[in-house]
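We name chains A, B, ... by the order of the sequence lines, and we start the count at 1 in each one.
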Amino acid sequence: MKLTLMGNEAIAWGLIHSNTQMVSGYPGTPSSEILTTVQKIKDSKNLPVYAQWATNEKVGFEVAYAGAIAGVNAAATMKQVGLNVASDALMSASFIGNKGAFVLIVADDPGFNSSQTEQDSREFARFARIPVLDPATPAEAYEFTKLASEISKKFEIPVMLRSVMRVSHSREIVEIDDNFEFKEQKGNFQRDIPRWAAVPREGRLKQAYEQLERIEAIKKYNYENLIKSKIDKLKGTKNLIISSGAAYGYAKEVVDELNLDVDILKIDMPYPLPDELKELVKNYEKVLVVEETYPVIEEELRSENVFGRMSGHIHLVDEMNKERVLEAYKKIGFYEGENIYKPYFKVEDVNQRKPNLCPGCPHRDVFFAIKKVFRPKKSIYPSDIGCYTLGINLEAIDTVLCMGASVSMAHGLSIADKEKTVIATIGDSTFFHGGIPPLINAVYQKAKFILVILDNSTVAMTGRQTTPERENPQVDLKKVAEGCGAEVMEYFYKPDINETIEFFKKVKKRYQEIDKPLVVISRQYCVLDKERAKDFLPGIFATVDEEKCVACDVCTTQFVCPPMHYNERGKIEIDPLLCIGCGVCISGICPTDAFIPRREK
Amino acid sequence: MRYQIVIAGFGGQGVVFLVKVLSICASKRGYKFLGTENHGMSQRGGSVSSHIKIGDFHNPLIDFSQADLLIGLDKDEALLNLPYLKKDGKVVVNAESFPKIDAEVFAVDANALAEKGIFDAKGLNVFMLGITLAKIKDFPFSTQEVKEAIKEINPKFAAKNFEILDKAIEYAKNI
């Protein structure tokens with residue numbers, strides 16, 4: 001059966017078609033649609049599959065991995081920085097192994113499209129000594145998911161499927177298995193204490209040697225099953241390109257479009273690589289490794305005639321494109337002609353859209369009120385990872401490190417800079433992900449700062465996945481924060497800026513009276529949340545009284561709502577197609593009250 | 001058959017929907033294709049550009065000077081994506097006016113038409129696709145094929161979308 005699928009959807013089908021019965025993970029672009037699609041397929045076909053979001057990647061990994069230990073096929077999904085969080089579990093799991101298949105799916109983000117770092121998860125596979133498969137297109141992503149499951153089961157070891165944004169978020173026709181019937185497996189945990197709980201040292205040592213033996217066996221598998229037939233088909237030209245994953249697409253297209261007389265070899269499993277590949281390299285004058293984003297294959301093959309990033313032939317940072325590949329071919333001498341990918345049309349001088357909070361987003365008001373009440377000169381604003389990070393546009397965010405760090409950094413900053421008030425912001429999902437342990441730490445050490453939890457009850461940035469409180473109100477943010485020992489103030493957001501400012505004045509007053517972390521829970525909504533937003537948005541659309549507008553910039557530099565811009569008369573104008581009708585600007589943002597309700601035709 | 005299209009706009013305009021429509025059209029024709037989306041960080045109002053490469057390709061990203069067609073749902077976003085267009089490529093853009101360039105440009109002030117109530121602003125993407133169908137002679141798909149794809153994605157809104165598509169095609173006669 002042929003389906004038009006996005007890479008992540010193809011991976012989800014691959015999971016179902018390898019009888020994967022437990023899938024867990026944490027949303028993160030570009031990985032999020034994998035689990036969402038598994039949920040959709042499971043629901044539509046009524047399959048006995050567990051597919052749930054976990055509170056963070058480590059938790060998700062461990063829940064799924066436990067399934068694999070008990071003998072069912074399982075998978076965990078996350079983005080590359082999520083693997084940092086789950087890496088603790090990965091390093092041990094790679095020693096211990098599994099009975100059912102365990103596929104670790106990680107989506108990388110070359111080019112920092114929506115991530116704080118680039119990272120090459122294949123490095124983590126090498127670090128953990130587990131095999132990694134690197135698909136180049138959605139169709140391959142489907143096949144490789146099934147292959148990963150097969151290899152994992154065969155060698156009883158976690159196998160990583162490493163995707164990148166240009167695989168996860170690209171679309172292609174994918175041929176998927178017809179008439180597939182899901183075979184339910186009954187988990188049956190077999191007690192084996194020396195394996196599953198290998199302490200003390202002797203047990204671990206045995207597993208460490210087994211790990212090395214296993215990786216040797218997988219090298220042979222890689223050669224016999226994935227590389228040998230491709231080597232046989234090489235033409236035996238003077239030079240060779242070795243590539244893997246999405247990078248192969250660029251490398252191959254440039255070779256075709258420039259008609260280069262070079263051999264090109266695509267590697268499906270970049271780690272562990274067989275010794276035969278090192279032998280092959282000797283047959284060529286020059287070998288260029290084209291891979292994304294770190295020199296994984298290049299390091300494994302290290303030799304005088306192997307070139308790539310480490311030799312300075314390929315750019316070191318940012319996403320690959322064909323122009324960059326062409327430059328590399330030129331540098332190494334595979335091509336001498338002109339650059340056919342040079343732009344013919346230049347970029348015109350236009351306003352670039354800055355990343356910004358959505359029109360009508362309640363976070364905007366909270367940031368605006370925080371700055372009004374806790375003036376920037378006297379405050380520090382640590383924040384965190386989520387859509388609210390776009391509050392950076394209002395200059396209401398001073399630091400962004402990693403999930404949950406706003407809380408621990410607020411703690412640290414309050415110790416280091418006692419003259420200022422530290423007021424941190426974090427989303428509800430991020431708080432559950434990584435914010436709870438640092439809050440406990442702060443309470444136990446009697447730190448003093450304010451933590452504002454922006455609770456819109458959804459993971460908005462990655463596509464509005466559900467959060468713990470949303471799925472089950474028994475997980476109550478307020479009780480959790482109180483349970484950590486913090487004092488809690490709750491605000492039920494209203495689209496009226498004066499109400500929000502008044503509330504934060506009360507927060508300021510309370511903060512001066514107490515000697516512990518003060519947690520503010522701002523109960524809001526997400527404007528993109530179809531289930532809830534319509535109940536909250538008042539539908540008051542704004543326009544501008546041009547006589548009153550004095551072009552003071554308050555709305556464009558302090559409130560920064562996307563529909564607001566200056567027109568050719570130098571007055572503020574609201575794009576009626578972008579305005580969502582929250583009415584907040586009318587409630588008191590403008591010093592001269594130039595925003596007025598728009599009369600509907 | 002090799003045809004490369006860049007669709008440029010911002011979050012909320014339905015750029016991704018157009019990629020889905022074109023992918024389905026291609027698959028129904030039996031053409032190979034690869035498409036991809038480039039999101040900005042923002043959810044609504046931030047730049048979104050999508051690439052779709054129809055034919056024998058290995059990666060979904062269009063490079064500079066390669067696109068046969070640029071569909072701009074917003075004037076500034078179209079201008080920003082001009083480097084992807086090949087010399088003598090074609091541009092369909094939602095703009096009152098557009099600079100004179102070495103390309104065939106069809107500019108329609110669709111925002112103004114939506115404000116006048118000629119069509120629902122939520123269907124801006126479909127309206128611009130209608131203009132494309134009417135004006136781009138080498139566009140690889142027919143109106144009927146586009147309609148079938150739209151229906152496949154969401155049968156519930158298909159009738160409304162067909163209406164917008166037909167309005168655009170009608171409107172394009174006077175450009």
Side-chain angles (χ1 to χ4, degrees), chain A residues 2-4 6 29 113-114 136-138 165-167 169-173 246-253 256 319-323 340-361 387 389-390 460-461 526-528 562-563 575-578 580 601, chain B residues 10-13 19-20 23-24 26-28 30-47 51-52 56-66 74-89 99 101-103 111 114-115 117 121-122 124 152:
Chain A
K2 278 182 178 157
L3 291 178
T4 300
M6 198 200 232
T29 310
N113 291 288
S114 52
T137 65
M165 192 267 209
R166 295 294 169 200
V167 174
H169 281 178
S170 68
R171 284 189 168 77
E172 190 183 25
I173 302 168
Y248 170 78
Y250 304 99
K252 168 78 174 148
E253 274 187 21
D256 289 353
E319 195 171 10
M320 201 158 266
N321 58 38
K322 277 154 60 178
E323 192 179 5
I340 59 168
Y341 307 117
K342 219 167 51 198
Y344 178 77
F345 296 102
K346 298 274 175 301
V347 180
E348 301 285 330
D349 187 23
V350 292
N351 295 331
Q352 298 231 18
R353 286 172 179 273
K354 269 202 251 169
N356 198 352
L357 295 164
C358 300
C361 173
C387 63
T389 315
L390 299 168
M461 190 84 182
C526 165
V527 290
L528 301 175
D575 183 341
L577 304 180
L578 270 180
I580 197 170
K601 275 174 231 132
Chain B
F10 52 82
Q13 290 191 313
V19 179
K20 280 191 195 165
S23 320
I24 292 173
S27 70
K28 283 192 190 279
Y31 292 153
K32 274 183 73 183
F33 71 87
L34 276 164
T36 186
E37 296 114 47
N38 216 347
H39 306 245
M41 272 269 287
S42 48
Q43 306 250 314
R44 202 165 176 276
S47 295
H51 295 179
I52 177 152
D56 194 19
F57 289 102
H58 301 273
N59 92 83
L61 209 58
I62 295 176
D63 278 72
F64 291 155
S65 287
Q66 304 294 309
D74 173 80
K75 182 182 173 181
D76 283 352
E77 294 302 319
L79 289 169
L80 281 169
N81 281 279
L82 269 183
Y84 292 103
L85 194 67
K86 69 180 189 193
K87 184 175 184 283
D88 301 321
I101 53 171
D102 283 350
N111 283 4
E115 272 184 66
K122 283 184 204 131
L124 170 76
E152 191 171 317

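Residues A:E253 and B:N59 come closest through the heavy atom pair OE2-N, 3.0 Å.
Contact of A:K322 with chain B is made through backbone and side chain together, with heavy-atom distances under 4.5 Å. At a 4.5 Å heavy-atom cutoff, the contact between B:N111 and chain A is made by backbone and side-chain atoms alike. With a threshold of 4.5 angstrom between heavy atoms, B:D63 approaches chain A through side-chain atoms but not through N, CA, C or O. When heavy atoms are compared at a cutoff of 4.5 Å, A:P138 approaches chain B solely by way of its side chain, counted from C-beta outward. Both the backbone and the side chain of B:E37 have a heavy atom closer than 4.5 Å to some heavy atom of chain A. Using a 4.5 Å cut-off between heavy atoms, B:K86 contacts chain A through its backbone alone, with no side-chain atom that close. Of the atoms belonging to B:Y84, not a single heavy atom falls under 4.5 Å from chain A. Using a 4.5 Å cut-off between heavy atoms, B:D74 touches chain A through its side chain atoms alone. Of the two parts of B:Q13, neither the backbone nor the side chain holds a non-hydrogen atom closer than 4.5 Å to a non-hydrogen atom of chain A. Interface remark: A:L528 contributes side-chain atoms only to the contact with chain B (heavy atom separation under 4.5 Å). Looking at A:M6, the atoms closer than 4.5 Å to chain B (heavy atoms on both sides) all sit in the side chain, from C-beta outward.
Atoms NE2 and CG, from B:H51 and B:L61 in turn, are 5.5 Å apart once rounded to the nearest 0.5 Å. Here the CG atom belonging to A:N351 is positioned 10.0 Å from the CD atom belonging to B:E77, to the nearest 0.5 angstrom.
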**OP:** Could you walk me through whether B:K75 and A:V350 pass the side-chain contact (heavy atoms from CB on, under 4.5 Å) test, one step at a time?
**Re:** CA-CA 9 Å; B:K75 182 182 173 181; A:V350 292; over 6 Å; no
Subject >> Chi angles and distances behind the side-chain contact (heavy atoms from CB on, under 4.5 Å) call for A:F345, B:D102 >> reply: CA-CA 9 Å; A:F345 296 102; B:D102 283 350; 4.2 Å; yes
Subject >> Evaluation steps, side-chain contact (heavy atoms from CB on, under 4.5 Å), between B:F33 and A:T4 >> reply: CA-CA 10 Å; B:F33 71 87; A:T4 300; 3.4 Å; yes
Subject >> Verdict with supporting geometry, B:K32 and B:F57, side-chain contact (heavy atoms from CB on, under 4.5 Å) >> reply: CA-CA 8 Å; B:K32 274 183 73 183; B:F57 289 102; over 6 Å; no
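Options A:P562, A:P563, A:A251, A:P359 differ in how many heavy-atom pairs under 4.5 Å they form with chain B, and the most are formed by A:P359. The candidate from A:K342, A:E323, A:K252, A:M165 with the greatest count of non-hydrogen atom pairs under 4.5 Å with chain B is A:K252. Most heavy-atom pairs under 4.5 Å with chain B, from the set A:R353, A:E319, A:K2, A:M320: that is A:R353.
In this structure, B:K122 places its NZ atom where only 12 or fewer heavy-atom neighbours from other residues, nucleotides or ligands lie under 6.0 Å away.
In this structure, the side chain of B:S65 does not engage the main chain of A:Y341 through any donor-acceptor pair within 3.5 Å.
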